[in-house]
Participant: 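Supplied in structure tokens, the structure appears directly below.
Lettering of chains follows the sequences in order, A, B, ..., and the numbering in each one begins at 1.
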Amino acid sequence: MSHFAFSRDPFTPDRFRDEVVDPVAGGYASFEGWVRNHNEGRGVVRLEYEGYEALGIKEGNRVVEEALARFPIAKAHCVHRLGLLDIGDLAVWVGVTAAHRDAAFAACRYIIDEVKTRVPIWKKEHYAAGDSGWINCEVSSSDAPSGPVRP
Amino acid sequence: MSHFAFSRDPFTPDRFRDEVVDPVAGGYASFEGWVRNHNEGRGVVRLEYEGYEALGIKEGNRVVEEALARFPIAKAHCVHRLGLLDIGDLAVWVGVTAAHRDAAFAACRYIIDEVKTRVPIWKKEHYAAGDSGWINCEVSSSDAPSGPVRP
Amino acid sequence: MAVIRVEYFAVLREHVGRAGEELRTAATTVGELYAELDQRYAFPSVGRMKVAVNDEFRDWNAPVRDGDFIVFIPPVAGG
Amino acid sequence: MAVIRVEYFAVLREHVGRAGEELRTAATTVGELYAELDQRYAFPSVGRMKVAVNDEFRDWNAPVRDGDFIVFIPPVAGG
């Protein structure tokens, strides 16, 4: 069973509670990313997440497996939304259980940090002004050149 | 409104979601303490929490107010169960929202750490062997003497 | 002499056998009051205790005043 | 010459105007393939890209083999 999943439909963390519940685990740390009504000073009205699902599930699962190996935790799981999201919608959830809260917090933090930078998911923001843009992919002319960097 | 509450009945964090939801806050970090089936090598079958409620609400609220002052967070709330709890029951929940996850995690951690050491709540464990004991209050003869320490 | 109310929680409540009581005391500080009640009840050894007067934490030198509501606070264990 | 499938996501999908295509290519590495397609499509400047072959991350020197499934990965933005 993969420890990482995509959801095309709205979900609540409750639905995945069984993935993290453990009778030996007294501590549960979680992180949820919700769609904000603004970003970098601009009003946001809607979000769109696109994922390369086959690789995303593999890489997301690797991230959680790394957390399970590095920290003394019981269980961990992560789910990321895809598709169109409204303000306040749940975009990503990470849940970790452990006997002690130190490890639960550290692992939860590790997973969200790594998922955000490694899992192939792209976010398009739709602004109140009517335009939209792919986050991290719209660069000004002064930015680094595109494409592969050759060895 | 106090940022800290006691609950004599089982609750789910959903019930208190309105206390932390904020349209400017994209990050939600939470901690939940669940009743484990063991503690320090002993099988536990049930728990009992007793609280000095009037002071507990004041002190719990002070803890959350401190977190709101120290960390750049949007909202924070903590609820602690009282009464008889079964294995797997939710004992305490801390929820924190913030624009950035660093602050949400740090504040959540601060609140649970301080609540555990400062809020007048006592825990009695009922063991599989049939006996029971108040946690942190049963000391061996080699421990420090009881009572006030005079200046 | 002051007339006060003392409330007991958790291990102290079970030891004393009641949740609280009204008392007349000659104690002038809450530390003296604790010593007086420890004589009567032989409180169990539970490590360092705190004390609250009228629902606020106070130190052991806090005065005992007529009408005070006093709680001895054994080591806590929330969460 | 290899026959491969390329899939486009997000900013690349919108730029190319389709989600994927089958291609015959003389490119021997995925880096060469990228350069070939950049000539054709003038990919937008999006910062450093990664590449996956058959659903695994590879480096830009990875060979292009007949039947490969190749994805160029613009900077990600999960969460």
Participant: At a heavy-atom separation under 4.5 Å, does C:Glu7 approach chain B through its side chain, its backbone, both, or neither?
Facilitator: neither
Participant: Check for a donor-acceptor pair, side chain of B:Trp122 on one end and backbone N or O of C:Pro74 on the other, with a separation under 3.5 Å.
Facilitator: yes
Participant: Which bit of B:Tyr52 is near chain C, if near means a heavy-atom gap under 4.5 Å: side chain, backbone, both or neither?
Facilitator: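 Backbone plus side chain of B:Tyr52, per the 4.5 Å heavy-atom cut-off to chain C.
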Participant: Taking C-beta and beyond as the side chain, do B:Leu85 and B:Pro10 meet within less than 4.5 Å on heavy atoms?
Facilitator: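 With C-beta onward as the side chain, the pair stays apart.
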Participant: Please flag which part of B:Glu59 lies under 4.5 Å from any non-hydrogen atom of chain C: side chain, backbone, both or neither.
Facilitator: side chain
Participant: Any donor-acceptor pair under 3.5 Å linking the side chain of B:Asn61 with the backbone of B:His3?
Facilitator: yes
Participant: Side chain, backbone, both or neither: which part of C:Asp59 has a heavy atom under 4.5 Å from chain B?
Facilitator: neither
Participant: Which atoms of B:Arg81 are under 4.5 Å from chain C, going by heavy atoms: the side chain, the backbone, both sets, or neither?
Facilitator: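 No part of it gets close to chain C.
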Participant: At a heavy-atom separation under 4.5 Å, does B:Lys116 approach chain C through its side chain, its backbone, both, or neither?
Facilitator: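 Both the backbone and the side chain of B:Lys116 come within 4.5 Å of chain C.
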Participant: Does NZ or CZ of B:Arg17 come closer than 6.0 Å to the centre of the six-membered ring of B:Tyr28, within 45° of the ring's axis?
Facilitator: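 Output yes; distance and angle both within limits.
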Participant: Under a 3.5 Å distance rule, please check whether B:His80 uses its side chain to pair with a backbone N or O of B:Phe4 as donor and acceptor.
Facilitator: no
Participant: So, the side chain of B:Thr97 versus the backbone of B:Val21: is there a donor-acceptor pair under 3.5 Å, distance only?
Facilitator: no
Participant: Heavy-atom pairs under 4.5 Å with chain B - which of C:Val51, C:Ile73, C:Asp38 has more of them than the others?
Facilitator: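 Top option by heavy-atom pairs under 4.5 Å: C:Ile73.
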